[in-house]
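Numbered from 1 within each chain, the chains take letters A, B, ... in sequence-line order.
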There are 2 protein chains.
Amino acid sequence: MTSPHLSPLCRAVDGHVQRPRAPTGAHRALKRFTCQLASRGPGAIGVAARVALVHKPPQRATLADVARLAGVSAKTVSRVYDGSTNVSPDTRRRIEDAAERLHFRPNLLARSLRHGGVSTAVGFVLGDLTNPFYVKVAAGMERELSRSGLTMVLGATEDDPAEEHRVVGTFLAQRVRALALVPIADDQSYLERERGLGTPVVTVDRPARNLLADSVLLDDREGTAEAVRALTRLGHRRIAFVCDPAHLYTHVERLAGYREALREAGVEDTSAWERLDDPPGQGTEASILGLMDMAEPPTAIVTGNNKASAALVRALGPMRDDLAYVGFDDFDLADAIGFSVVAYDTVELGRMVARRVLARLDDPAGAPVHVRMPTHLVPRGSGERPPPK
Amino acid sequence: MTSPHLSPLCRAVDGHVQRPRAPTGAHRALKRFTCQLASRGPGAIGVAARVALVHKPPQRATLADVARLAGVSAKTVSRVYDGSTNVSPDTRRRIEDAAERLHFRPNLLARSLRHGGVSTAVGFVLGDLTNPFYVKVAAGMERELSRSGLTMVLGATEDDPAEEHRVVGTFLAQRVRALALVPIADDQSYLERERGLGTPVVTVDRPARNLLADSVLLDDREGTAEAVRALTRLGHRRIAFVCDPAHLYTHVERLAGYREALREAGVEDTSAWERLDDPPGQGTEASILGLMDMAEPPTAIVTGNNKASAALVRALGPMRDDLAYVGFDDFDLADAIGFSVVAYDTVELGRMVARRVLARLDDPAGAPVHVRMPTHLVPRGSGERPPPK
DNA sequence: CTGTTAGCGCTTTCAC
DNA sequence: GTGAAAGCGCTAACAG
């Protein structure tokens with residue numbers, strides 16, 4: 001019965017004495033049953049056994065199974081997989097053969113547990129997976145992390161502060177190695193302890209509140225200021241700024257850049273041109289149409305994000321040429337419709353987040369590092385028109 | 001020294017005898033050191049100790065730590081966290097208090113290992129994180145999975161077959177509970193074994209090759225056919241189809257739908273109107289300009305995906321009204337520029353993938369299930385123009 | 001309702 | 001260069 005012709009997985013079953021109380025005891029008993037039948041030839045498997053076989057699949061081969069088949073100790077097999085060089089070429093080959101035959105895959109769960117209980121995943125908590133900004137950041141992160149053998153786990157808060165706590169909690173329970181976070185809750189002090197416990201936190205797009213964490217942000221203020229300066233240089237003075245919602249950190253910064261640049265050009269009071277929170281239920285399109293209906297309408301509009309830019313296109317049509325406009329954030333087809341924007345490399349931003357995570361893992365101590373990713377003006381026609389005479 | 005006033009984490013240190021050979025022995029020794037200093041008051045921590053404390057952070061509290069503080073056994077604490085009701089309210093409160101004080105978080109890694117070595121994550125292997133289609137699918141999946149307490153791990157193949165193997169391998173090593181996959185390799189038979197080992201596979205957007213797996217696809221063929229039928233009903237006969245690359249499953253299907261609908265309208269030979277692989281180095285815009293340069297140019301164009309639609313806008317401008325056109329895939333601002341499309345609910349598709357995963361986890365046996373998500377024509381102007389007389 | 005014991009699959013320490 | 005024993009944090013089985 002314990003003949004050498006039994007399949008490797010069946011051999012593992014013979015080790016039953018060594019693992020008498022596995023939680024999946026039923027599985028194992030069943031496995032032995034079906035394997036025994038199988039050793040009589042496939043035709044001997046009854047219907048019940050076949051159904052059971054499908055319902056309770058065979059176990060994966062473990063390191064011990066490989067060791068047994070290769071005739072070495074578990075530790076030696078382990079050495080082959082943790083990059084140790086202290087294995088003779090001959091032994092190594094035997095082990096690799098055995099592993100191949102058993103389709104062995106090291107269990108990262110077990111390895112992580114043994115290795116200080118920390119997984120190889122980095123959590124990224126973002127607002128919304130349908131927002132192209134967050135997702136391109138995630139793409140950059142993933143590329144950079146995978147080069148270091150780390151994976152990325154994504155969680156969405158749907159811009160709900162309570163969800164931030166829930167998702168972060170799940171990730172911490174999974175023992176992510178680090179946490180990247182687009183903060184939405186009012187307060188991230190609850191993460192201070194985790195940082196102290198060795199889980200670095202890097203915030204993305206917005207700074208953390210009440211938490212000493214690294215951050216990777218855009219240069220929101222300078223980006224908008226540059227756009228407005230280009231317009232004032234062309235002679236524009238009646239420049240509007242459209243953004244919603246106004247309270248978000250990035251939007252506050254962009255508004256500040258707008259005001260700053262207009263003040264430089266001698267325009268002190270911009271309040272008449274600011275549309276910061278859209279009329280409830282009507283949205284940004286209404287704000288923009290309202291601006292154009294003014295007695296003295298603006299000669300240029302700066303939008304605070306890509307949603308506002310889309311609203312502008314919807315409100316005024318794709319190629320309105322009696323008005324100058326520049327949008328924060330690049331977007332698909334902006335080139336095709338000649339929409340000038342304040343752009344930045346979103347994927348690179350994600351890579352930078354990953355690099356901060358890696359650097360922080362290498363050096364958990366030290367003051368928080370804050371990175372501002374640069375923006376640049378992309379002229380495409382809509383932002384280079386002087387005001388009408 | 002073992003006074004009750006020592007912090008809980010320091011108490012854990014007193015259990016040193018119980019875990020004498022932890023792999024992080026250095027950490028623990030260090031922890032004891034700093035804790036002892038700390039018990040003399042924070043001011044007594046020397047510079048070296050403080051640096052060391054930061055470099056080698058204290059350990060997380062474990063279930064055993066909580067049990068010790070609450071004066072119960074580990075198993076009882078465990079019962080509180082696995083949803084057992086067999087704990088007296090009083091004990092439960094004591095445990096919860098202790099857990100709170102120690103900031104205890106159950107270690108999902110350990111739990112997963114004990115639970116048959118399967119994690120709570122579902123892997124989704126997609127082509128490219130910057131592609132909005134895949135990402136919206138991921139968004140839908142994530143929403144549905146999180147309702148069942150599962151998380152999602154994302155991996156990108158960058159459309160490289162070798163990467164598919166690598167990413168899938170990583171996920172399997174992490175013992176994902178199931179695998180969703182946009183296949184890119186020629187052959188997925190390597191996953192047959194994993195399925196047999198209890199890891200369900202659901203393919204997305206394209207069927208698997210040589211693997212019995214569930215799939216969630218779009219109704220590509222009918223989607224294109226519907227668009228073409230609407231055009232033939234308006235009188236169009238010279239209808240072009242632009243798509244690249246031609247070999248992809250979805251594109252093959254969409255082409256078939258195009259041909260089918262034109263055949264229904266009496267047009268047998270469509271080869272002159274098909275632009276299936278763009279001129280190398282020049283892209284889809286060149287294909288489209290080439291079509292319009294023909295002696296008898298098409299009166300309508302159907303694009304095979306959103307990239308081709310974008311190329312059409314770039315080649316012909318955003319509001320070309322002497323030509324009818326319809327695109328497969330909806331895209332941002334398509335409404336603003338009056339671009340009619342064959343649309344579908346991408347997020348819902350993702351939810352459906354998640355539901356297939358969950359169903360398959362419940363019932364690993366049974367024949368593969370194939371789902372086709374419906375598409376629908378969204379009229380926005382560009383597709384409802386009759387041909388010029 | 002609660003505790004004891006053993007072990008998931010792996011890696012660590014230490015001995016050979 | 002290799003092996004034996006122990007245990008990471010948690011939970012299943014089985015007592016009491």
Side-chain angles (χ1 to χ4, degrees), chain A residues 12 15-28 59-68 70-92 94-95 102 104-119 173-175, chain B residues 12 15-28 59-68 70-92 94-95 102 104-119 173-175:
Chain A
H16 193 257
V17 177
Q18 293 167 40
R19 12 186 202 188
R21 280 211 206 165
T24 45
H27 291 210
R28 292 200 184 273
Q59 301 287 308
R60 256 172 224 284
T62 72
L63 202 143
D65 296 328
V66 176
R68 221 169 295 135
V72 295
S73 79
K75 178 58 206 165
T76 307
V77 180
S78 171
R79 273 191 263 261
V80 171
Y81 289 93
D82 69 357
S84 248
T85 46
N86 291 341
V87 180
S88 76
D90 193 65
T91 312
R92 167 169 254 120
R94 277 219 320 288
I95 289 171
L102 297 178
F104 169 68
R105 282 181 200 281
N107 186 331
L108 250 59
L109 244 39
R111 189 199 295 238
S112 292
L113 179 61
R114 192 65 247 258
H115 201 92
V118 171
S119 82
Q174 290 183 15
R175 298 299 191 265
Chain B
H16 193 256
V17 177
Q18 293 168 38
R19 13 186 200 188
R21 280 209 208 168
T24 45
H27 292 209
R28 293 201 182 271
Q59 301 286 309
R60 255 173 227 285
T62 73
L63 203 142
D65 295 329
V66 176
R68 221 168 296 134
V72 296
S73 79
K75 179 61 202 164
T76 307
V77 180
S78 172
R79 273 191 262 263
V80 171
Y81 288 94
D82 69 358
S84 257
T85 45
N86 292 340
V87 180
S88 76
D90 195 64
T91 312
R92 168 168 252 121
R94 277 219 320 289
I95 289 171
L102 297 178
F104 170 68
R105 282 181 198 283
N107 186 332
L108 250 60
L109 245 37
R111 188 198 297 235
S112 293
L113 181 59
R114 192 64 242 264
H115 256 116
V118 171
S119 82
Q174 289 183 16
R175 297 299 191 266

**Student:** How close do B:Arg94 and B:Val72 get, counting heavy atoms only, and between which atoms?
**Tutor:** NH2-CG1, 3.5 Å
**Student:** Find out whether B:Leu113 and A:Asn107 are in side-chain contact, i.e. whether some heavy atom of one side chain is under 4.5 Å from a heavy atom of the other.
**Tutor:**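 Yes - at least one pair of side-chain heavy atoms lies under 4.5 Å apart.
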**Student:** Would you tell me if any nitrogen or oxygen in the side chain of A:Thr76 comes within less than 4.0 Å of OP1 or OP2 on D:dT2?
**Tutor:** no
**Student:** Can you tell me the distance, in whole Å, between the CG atom of A:Leu109 and the P atom of C:dG9?
**Tutor:**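 Going from A:Leu109 (CG) to C:dG9 (P), I get 11 Å.
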**Student:** Taking only side-chain N and O atoms of B:Ser73, does any of them lie within less than 4.0 angstrom of OP1 or OP2 on C:dT4?
**Tutor:**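 Result: no.
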**Student:** For A:Ser88 and D:dT2, is the shortest distance between a side-chain N/O and OP1 or OP2 below 4.0 Å?
**Tutor:**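 Indeed, a polar side-chain atom of A:Ser88 lies that close.
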**Student:** Which heavy-atom pair separates B:Ile95 from B:Val80 by the least distance, and what is that distance?
**Tutor:**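 Here B:Ile95 and B:Val80 meet closest at CD1-CG2, 3.8 Å.
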**Student:** Once you round it to whole Å, what is the distance between C1' of C:dG7 and CZ of A:Arg114?
**Tutor:** 14 Å
**Student:** Could you state the atom-to-atom distance from CZ of A:Arg94 to P of D:dT2 in whole Å?
**Tutor:** 8 Å
**Student:** Distance check: side-chain N/O of B:His115 vs OP1/OP2 of C:dC8, anything under 4.0 Å?
**Tutor:**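 It does not, given that no N or O in the side chain of B:His115 lies less than 4.0 Å from OP1 or OP2 of C:dC8.
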**Student:** Please give, in whole Å, the distance from C:dC10 C1' to A:Arg79 CZ?
**Tutor:**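 The distance from CZ of A:Arg79 to C1' of C:dC10 comes to 13 Å, rounded to the nearest Å.
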**Student:** From B:Leu63 CG over to B:Arg111 CZ, what is the distance, rounded to the nearest 0.5 angstrom?
**Tutor:** 9.0 Å
**Student:** For the side chain of B:Ala110, counting heavy atoms from C-beta on, which of C:dT13, C:dT2, D:dC10 is nearest?
**Tutor:** D:dC10
**Student:** Supply the atom-to-atom distance B:Arg114 CZ to B:Asp82 CG, rounded to the nearest 0.5 angstrom.
**Tutor:** 12.0 Å
**Student:** Looking only at side-chain N and O atoms, does A:Thr62 come under 4.0 Å of OP1 or OP2 in C:dG9?
**Tutor:** no
**Student:** Tell me: CG of B:Asp82 to P of D:dA13, nearest whole Å?
**Tutor:** 12 Å
**Student:** For a quick check of understanding: with a heavy-atom distance under 4.0 Å over all strands, which category does B:Thr91 fall into, base, sugar-phosphate or nothing?
**Tutor:** sugar-phosphate
**Student:** Among D:dG3, C:dG3, C:dG9, which nucleotide has an atom closest to any side-chain atom of A:Val72?
**Tutor:**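 For the A:Val72 side chain, the nearest candidate turns out to be D:dG3.
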**Student:** Could you check which of D:dA12, C:dG9, C:dT11 has an atom nearest any side-chain atom of B:Lys75?
**Tutor:**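 When the side chain of B:Lys75 is considered, D:dA12 is the closest of D:dA12, C:dG9, C:dT11.
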**Student:** Quick one: bend of the helix from C:dC1-D:dG16 to C:dC16-D:dG1 from 5 pairs per end, to 10°?
**Tutor:**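 For the helix from C:dC1-D:dG16 to C:dC16-D:dG1, the axes at opposite ends meet at about 30°.
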**Student:** Please report the distance, rounded to the nearest Å, between CZ in A:Arg60 and C1' in C:dC8.
**Tutor:**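 Rounding to the nearest Å, CZ of A:Arg60 and C1' of C:dC8 are 14 Å apart.
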**Student:** How many Å lie between CZ on A:Arg68 and P on C:dG9, as a whole number?
**Tutor:** 11 Å
**Student:** Report yes if some heavy atom in the side chain of B:Arg175 is under 4.5 Å from a heavy atom in the side chain of B:Ser112; otherwise report no.
**Tutor:**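 A side-chain contact is absent here, since even the closest heavy-atom pair is not under 4.5 Å.
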**Student:** Calculate the interatomic distance between A:Tyr81 atom OH and C:dG9 atom C1'; express it in whole Å.
**Tutor:**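 About 14 Å, once rounded to whole Å.
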**Student:** So, does B:Arg105 use its side chain to make a donor-acceptor pair with the main chain of A:Ala173 at under 3.5 Å?
**Tutor:**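 The answer is no, because no donor-acceptor pair under 3.5 Å joins these two groups.
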